[in-house]
Colleague: 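Quick one: the structure is below, and I'll ask about it shortly.
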Amino acid sequence: MTGLVQALTTGVLVGLAYAVLGVGFSLTWGATGVINAAHTMVAVIGAYLGYHALAWWGIDPVLALVGIVPLFFLFGWGFFEALVRPLKQKVRVVGLASVVLTLGIALVLESFTTLVFSANPRLVRTEYTSMSFVLGPARVSGGALVAGVISLVVIGLLYWFRQSTYLGRALRALEQEPEGAALTGIDVRRASGIAMGMAFATAGAAGVALSLIYTFSPTTFVSWLVFTFLVVILGGVGTVVGVTVAGLIAGLVVTVSSLVIPFAWANLVLFGVLILVLLVRPTGLARR
Amino acid sequence: MKRFKATVVAVALVLAACGLAEEGTTTTTSAEVDTPTTAGATPPETTDTSTGDTASTEPEAEGPSGDPIVIGAALPLTGEFADTGVFVRDGYQAMVEYWNENQGLLGRPVELIIEDDASDPGQAVSLLEKLITVDGVDLVLGGYPGSSAAAQMAVAEQHGMVYVSMGGHMASFEQGFQYSFGAPPLMGQWWYRGFFDFLETLPEDARPTSAAMMTANNPVGAAVREGTLSDLEAAGIELVMDELYDLPLASAEPLVSQAMNSGADLFIANSFFPDGVLTIRAVHALGYQPKAILEGIGTLIPSWEEELGDEGDYVFSGTAMHPDLPFTEVELLREMSNELYGTTAPPIYFMFGATWADTLAQGVEGAGDIDQDAIVGWLKSNEVCSFGGCLTYDERGLPEPYSYLVQVQDGVPQLVGPGDVTVVDPIYPIPWGE
């Protein structure tokens, strides 16, 4: 029983980490049609900024989010205006072109990050990351717990924004029918820029959250991108709830399945679940 | 305006690509050094091998002259393995500069060409082919990591070029190759031998009785696991958990939890840095308290102590190289390290690079020629003393099995065995809670 509770607790925390990385990616894919392969590279840069806020100025990475989130929002909006919008005006099918563009951007950012921060792997170490917390019969590290809280806050705020604000509803309209949204008076350009800005902001927050659990280096964006694709495909494009549920499923499959089968098979089970879901619900868990 | 923006982006991408390309090839030539003083391929005051190397020779006034000897290597200077690959490069470059500041090789200056394989074994092979067939290098040096080295060994063999490297664990040395040397090798199968030798020095009731092992599912992990299984059996330690995992590891908690529940008092994580860190953090978070922890590769990376701090303490690992090895030759590397990195503790992969280069140079000096067969013949029939100790090589190009034992103590990976090289005593069992 203790083992199961431990596996469930760990699975939820790992799942939230997957989910927070995926929600922004899913948001831009849904609202702008852009598959942003640089999304996790942005998260890695967020992790570096959090790390160096602590190393250079003694500012806790969580507090550093106060600066990182708005900065990344502006960066994302600028990214949309400078690169994505011109691309959308030139090509009919944005998806594939955006993958090529953003993968190139990710590689440039990776080289830049290596130049600035070196290739050495980093790990955020604060007082709470070294602590262990007892939650009933389960124990969790302080880093994973704080990362889980950050993830919940980010996902919760994004959900509230999309459900309860005019702009959020505008974004949802944009995802469902861009031309119809434009006809109803929604400023598509502005809404798309804001969507990209919000995605970058969540990526920055996700990077900080993940840096409390995982080591990172400039090349980490590749493995994070695999997780991101997994939960977005499983959860569905443009859905906060779907991606969050997918993240939790992925986390729980990895941790709980290892109670009954060899751990090496966990990924097999995970991708088996993905295939099954896609067979039954090709658009992902959350039907839009 | 749109066209302008697109042009800016295109130019930025091209510039970045050019930057990468420029980083791709590094050449160290004799022209970069202007103070040739000493003879020989190896440092002064080295262990006397009486084998014809010129290591003990005092500095002479004349520097290298004549056509340069060109050495080529392909290393991961970008990508996944760049963090350690650059240390190997630094080791090669430092030795070449040292030779050129002295008498070069065979009295000739040395030029080093290093290509960036971007951490891709496929590129490592192509680039070595290019160095040999297009650039026409006289000698080659080994690649990194084991996957690239193993792939390059076949290329070197095909072209009849001496190839000194870490190799790709035991399987790569059992291909019947004549020109490859592990000098020293990074041999997974021998990895924890120092630890099991240490256990034999303990009273029987103090030794661990059962072990739980988790292994990264790749060739390196498999090599370490293979040797560990034999060592555990020989030591009479029961293996109660033996799990494999794929990289990247999302969470180590399930595996550590399973190990803890198995009651094993020896925990073995055949892991790399990212998964090793996750594992050690999970050990602390879950309150698992085995008598000893063995960890694969992660502890050899400087980031282990820099980033993990005291959480990484007491972990044992193996190595074929350590900055505190009590050999006189290591002093030279300490000086080089101080100049390069501002620390007298040379990074381990810097030491590996320097040692592979030094071994090749001793072969060249011993053979008195750059004839590859003559170098092979000399290396296989003489004891070679370098920064990692004195080694003799068998037909496979391997020394006798050995491994130094390292334990992280107060954030420093200390050399704790075997007895004749021990700097500080190992701490066993782990003093949990103190």
Side-chain angles (χ1 to χ4, degrees), chain A residues 2-3 6-7 9-11 13-14 17-18 82-83 86-87 89-90 101 104-105 107-108 110-112 114-115 118-125 129-133 139-144 213-217 219-220 222-224 226-227 250-251 254-256 258-259 262-264 266-267, chain B residues 1-3 5-6 8-9 12-13 15-17 19-20 23 76-86 119 214-215 217 242-255 257-258 261 273-278 281-282 284-287 298 301-304 306-311:
Chain A
T2 304
Q6 181 68 53
T9 311
T10 305
L13 292 174
V14 170
Y18 287 162
L83 297 172
L87 178 81
Q89 288 168 340
K90 285 193 187 278
L101 173 75
I105 301 280
L107 294 174
V108 171
E110 184 202 348
S111 298
F112 176 74
T114 305
L115 208 63
S118 90
N120 293 340
R122 299 295 182 201
L123 173 71
V124 169
R125 187 156 50 99
T129 55
S130 306
M131 292 165 77
S132 176
F133 293 88
R139 295 170 67 127
V140 294
S141 73
I213 308 173
Y214 300 108
T215 61
F216 57 92
S217 66
T219 56
T220 301
V222 179
S223 55
W224 286 2
V226 174
F227 293 148
V254 169
T255 56
V256 176
S258 64
L259 292 175
F263 192 84
N267 280 347
Chain B
M1 185 63 185
K2 286 173 202 163
R3 202 163 279 173
K5 282 178 188 169
V8 168
V9 172
L13 289 169
L15 284 177
L20 290 174
E23 271 181 11
L77 306 181
T78 56
E80 190 180 356
F81 301 111
D83 50 342
T84 38
V86 293
S119 302
M214 54 182 275
T215 304
N217 199 4
D242 182 18
E243 290 275 3
L244 299 175
Y245 62 90
D246 292 327
L247 293 173
L249 181 61
S251 171
E253 263 92 351
L255 291 165
S257 181
Q258 192 184 335
N261 293 335
F273 181 75
D275 43 325
V277 166
L278 272 182
R281 280 197 154 175
H284 286 274
L286 297 177
I301 297 174
S303 296
W304 184 272
E306 289 169 13
E307 305 298 317
L308 204 51
D310 56 7
E311 280 184 279

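We name chains A, B, ... by the order of the sequence lines, and we start the count at 1 in each one.
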Colleague: With distance as the sole test, does A/S141 use its side chain to make a donor-acceptor pair with the main-chain N or O of B/A285 at under 3.5 Å?
Modeller: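 No: the side chain of A/S141 does not pair with the backbone of B/A285.
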Colleague: What pairs with B/T215 under side-chain contact (heavy atoms from CB on, under 4.5 Å), at least two apart in sequence or on another chain?
Modeller: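 Applying side-chain contact (heavy atoms from CB on, under 4.5 Å) to B/T215 gives B/M213, B/R225, B/L244, B/N270.
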Colleague: For B/S257, what residues pass the side-chain contact (heavy atoms from CB on, under 4.5 Å) criterion, not counting sequence neighbours?
Modeller: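 Checked B/S257 against side-chain contact (heavy atoms from CB on, under 4.5 Å); matches are A/Q6, B/N261, B/L286.
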Colleague: Would you compute the distance between atom OG of A/S130 and atom CG of B/D310 and round it to the nearest 0.5 angstrom?
Modeller: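 One finds 6.5 Å between OG of A/S130 and CG of B/D310.
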Colleague: Looking at A/R122 and B/E306, what are the two nearest heavy atoms and their distance?
Modeller: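 Heavy-atom minimum between the residues: NH1-OE1, 3.9 Å.
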Colleague: Any chance you could measure A/L115, atom CG, to B/T78, atom OG1, to the nearest 0.5 Å?
Modeller: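 These two atoms lie 12.0 Å from each other.
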Colleague: At a heavy-atom separation under 4.5 Å, does A/V124 approach chain B through its side chain, its backbone, both, or neither?
Modeller: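 It is the backbone, since no side chain atom gets that close.
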Colleague: Between B/P274, B/G287, B/A250, B/A282, which residue shows the highest count of heavy-atom pairs closer than 4.5 Å to chain A?
Modeller: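 Between B/P274, B/G287, B/A250, B/A282, the count favours B/A250.
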Colleague: So what's closer than 4.5 Å to chain B heavy atoms on A/F227: side chain, backbone, both or neither?
Modeller: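 The side chain, not the backbone.
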Colleague: Counting only N and O atoms by type, is there a donor-acceptor contact under 3.5 Å from the side chain of B/E253 to the main-chain atoms of A/T10?
Modeller: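 No; zero donor-acceptor contacts below 3.5 Å.
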Colleague: Between atom OH of A/Y214 and atom CZ of B/R281, what is the distance when rounded to the nearest 0.5 Å?
Modeller: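 Answer for the OH-CZ pair, A/Y214 versus B/R281, is 12.0 Å.
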Colleague: Under 4.5 Å heavy-atom distance to chain B, tell me which part of A/Y18 shows up: side chain, backbone, both or neither.
Modeller: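 Only the side chain of A/Y18 comes within 4.5 Å of chain B.
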Colleague: Out of B/L308, B/D275, B/D246, return the one with the most heavy atom pairs under 4.5 angstrom to chain A.
Modeller: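 Going by pairs under 4.5 Å, I would pick B/L308.
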Colleague: Where on A/V14 is there a heavy atom nearer than 4.5 Å to chain B: the side chain, the backbone, both, or neither?
Modeller: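 It is the side chain, since no backbone atom gets that close.
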Colleague: If I measure from the heavy atoms of chain B, does A/L13 come under 4.5 Å with its side chain, its backbone, both, or neither?
Modeller: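 For A/L13, neither part sits under 4.5 Å from chain B.
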Colleague: Enter the distance from A/N120:CG to B/F273:CZ here, rounded to the nearest 0.5 Å.
Modeller: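 So the gap between those two atoms works out to 9.0 Å.
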Colleague: Are any non-hydrogen side-chain atoms of B/L249 and A/F263 less than 4.5 angstrom apart?
Modeller: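 In contact.
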